[in-house]
Amino acid sequence: MAPRAYWKGTLKLSLVSCPVVLYPATTSAEKTRFHMINRETGNRLKQQMVDSETGDVVESDQKGRGYELRKGKYVEIEPEELEAVQIESNHTIDIESFVPSEEIDQRYLNHPYYIAPDGKAAIDAFAVIRDAMKDEGRVALAKIVLTNREHIIAIEPLGKGLLGTTLRFPYELRDEGEFFDDIKTPKITKDMVELAGHILQTKAAHFDPGKFKDEYETALKTLVKRKAGGKTIELPERGEKPSNVVSLMDALKQSLRGGGGKKTAAKSHGRRATGGRRAAKKTHRSTARQRKAS
């Protein structure tokens, strides 16, 4: 069954246009999720809105939207007032400019979408726009209205289709100076930098997301499966953490001697534990995170 389109409209490049559809490029459907339940009955809990002052439950017809002007003082905004300022979508992605991809600051990238032609009649025009972008090696910038908000979307060729990524607005980014200005500039020897460079070379690789393993998600699935099967979850004893007090130069030399791609000595020691102990550690970590999340 084909996925349901998130948005339908028209992609326009000057006088050339074609119907297109957008599909979310990411999904969290496979993520393990938990519900809050009543421990005594095993039933799922429902959340209710309550008045912060009176503690009374607020029914749906009493709920409204308010903007906090100052602590505890709100101005109420009516639904029809919100509708008055909402941007009406014309269901058009009108390409305004083309920019070099390297000029797009990675911090602006937000949500990715797959853009495909909508119907056989749209394929020719879609292919013309896609292939022209491939030849020029540039990324298109356009405006699109999604969920009543206007977004800037960056569009680039991806295989037979296009990848559209909504961009954040400047006001959504924090200034890096707020976090970096206090970083001191220590005196680092040339030998240290060269040693670090050698370590980087031993770990050189190509980007392969197929190697990414979500160990926590795997541990959660194992935990749920074992618990549902009535098996006891054994929690391991906490071991002492190894001391990290070591000179920077010694750490660099030890890392280089360790070889490319290998874990640090402390981590390698943990990896040598038995399979049962490893599984127990994962279970303990996932259980602890569950408690924290709860």
Side-chain angles (χ1 to χ4, degrees), residues 5-14 16-18 20-28 31 67 85-117 126-186 188 192-193 196-197 199-201 203-214 216-217:
Y6 178 75
W7 183 94
K8 288 188 176 186
T10 303
L11 176 64
K12 292 187 63 178
L13 172 59
S14 190
V16 179
S17 63
C18 66
V20 294
V21 288
L22 263 69
Y23 302 98
T26 61
T27 177
S28 59
K31 289 278 187 181
Y67 180 84
V85 298
Q86 285 177 352
I87 299 175
E88 184 177 352
S89 175
N90 58 6
H91 288 275
T92 300
I93 304 175
D94 199 348
I95 297 175
E96 298 182 346
S97 62
F98 291 89
V99 301
S101 59
E102 62 270 16
E103 290 186 3
I104 299 180
D105 189 325
Q106 299 295 300
R107 293 172 297 177
Y108 282 90
L109 301 179
N110 200 1
H111 298 297
Y113 296 90
Y114 295 137
I115 303 176
F126 183 87
V128 167
I129 297 174
R130 179 199 63 205
D131 292 350
M133 291 176 63
K134 284 183 180 179
D135 291 344
E136 293 298 322
R138 291 197 166 218
V139 176
L141 295 182
K143 289 183 178 179
I144 185 174
V145 177
L146 300 172
T147 60
N148 298 320
R149 278 185 175 269
E150 189 174 60
H151 300 267
I152 304 299
I153 188 169
I155 305 171
E156 57 189 311
L158 180 66
K160 295 181 179 180
L162 294 171
L163 175 68
T165 306
T166 55
L167 303 180
R168 297 182 176 91
F169 289 100
Y171 71 84
E172 296 181 272
L173 289 186
R174 292 174 172 173
D175 181 7
E176 69 273 14
E178 182 181 349
F179 309 95
F180 298 161
D181 284 350
D182 292 336
I183 298 177
K184 306 300 180 184
T185 305
I188 301 297
M192 288 185 177
V193 177
I199 296 171
L200 265 62
Q201 291 173 14
K203 294 181 178 291
H206 293 286
F207 181 71
D208 181 7
K211 293 181 178 179
F212 298 170
K213 304 300 179 185
D214 190 342
Y216 179 57
E217 179 65 23

Flag yes if more than 12 heavy atoms outside [X] fall under 6.0 Å of its [atom1] atom; otherwise flag no.
| X | atom1 | result |
| --- | --- | --- |
| E150 | CD | yes |
| D181 | CG | yes |
| F179 | CZ | yes |

Report the relative orientation of the aromatic rings in H111 and Y113; use parallel for angles under 30°, tilted for 30 to 60°, perpendicular for over 60°.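 H111 vs Y113 ring planes: perpendicular.
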
I'd like to know if K134 and E156 make a salt bridge, using a cut-off of under 4.0 Å between side-chain N and carboxylate O.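 No salt bridge links K134 with E156.
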
Under a 4.5 Å cut-off applied to non-hydrogen side-chain atoms, are [X] and [Y] in contact?
| X | Y | value |
| --- | --- | --- |
| K160 | R130 | yes |
| S17 | L11 | no |
| I152 | E96 | no |
| F98 | M133 | yes |
| V128 | F126 | no |
| R168 | R107 | no |
| T10 | N90 | no |
| W7 | V20 | yes |

Report the distance from atom CD1 of I144 to atom CG of L22, rounding to the nearest 0.5 Å.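 Reported value, rounded in 0.5 Å steps: 5.0 Å.
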
NZ/K31 to CD/E217 distance, rounded to the nearest 0.5 angstrom?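 Atom-to-atom, K31:NZ and E217:CD are 5.5 Å apart.
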
Please find out if less than 6.0 Å separates the ring center of Y114 from that of Y6.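 No, they do not, as the ring centres are separated by 6.0 Å or more.
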
Which heavy atom of [X] sits nearest a heavy atom of [Y], and at what distance?
| X | Y | result |
| --- | --- | --- |
| D94 | A142 | O-CB, 3.3 Å |
| I95 | I129 | CD1-CG2, 4.4 Å |
| A154 | V139 | CB-CG1, 3.7 Å |
| L163 | P112 | CD1-CB, 4.1 Å |

When you measure from the side chain of H151 to the backbone of L167, do you find a donor-acceptor pair of N or O atoms at a distance under 3.5 Å?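 No.
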
D105 side chain to Y108 main-chain N or O, any donor-acceptor pair under 3.5 Å?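 Such a contact is absent between D105 side chain and Y108 backbone.
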
Qualifying residue for side-chain contact (heavy atoms from CB on, under 4.5 Å) with I93, from L162, V145, I153, L13: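 That would be I153.
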
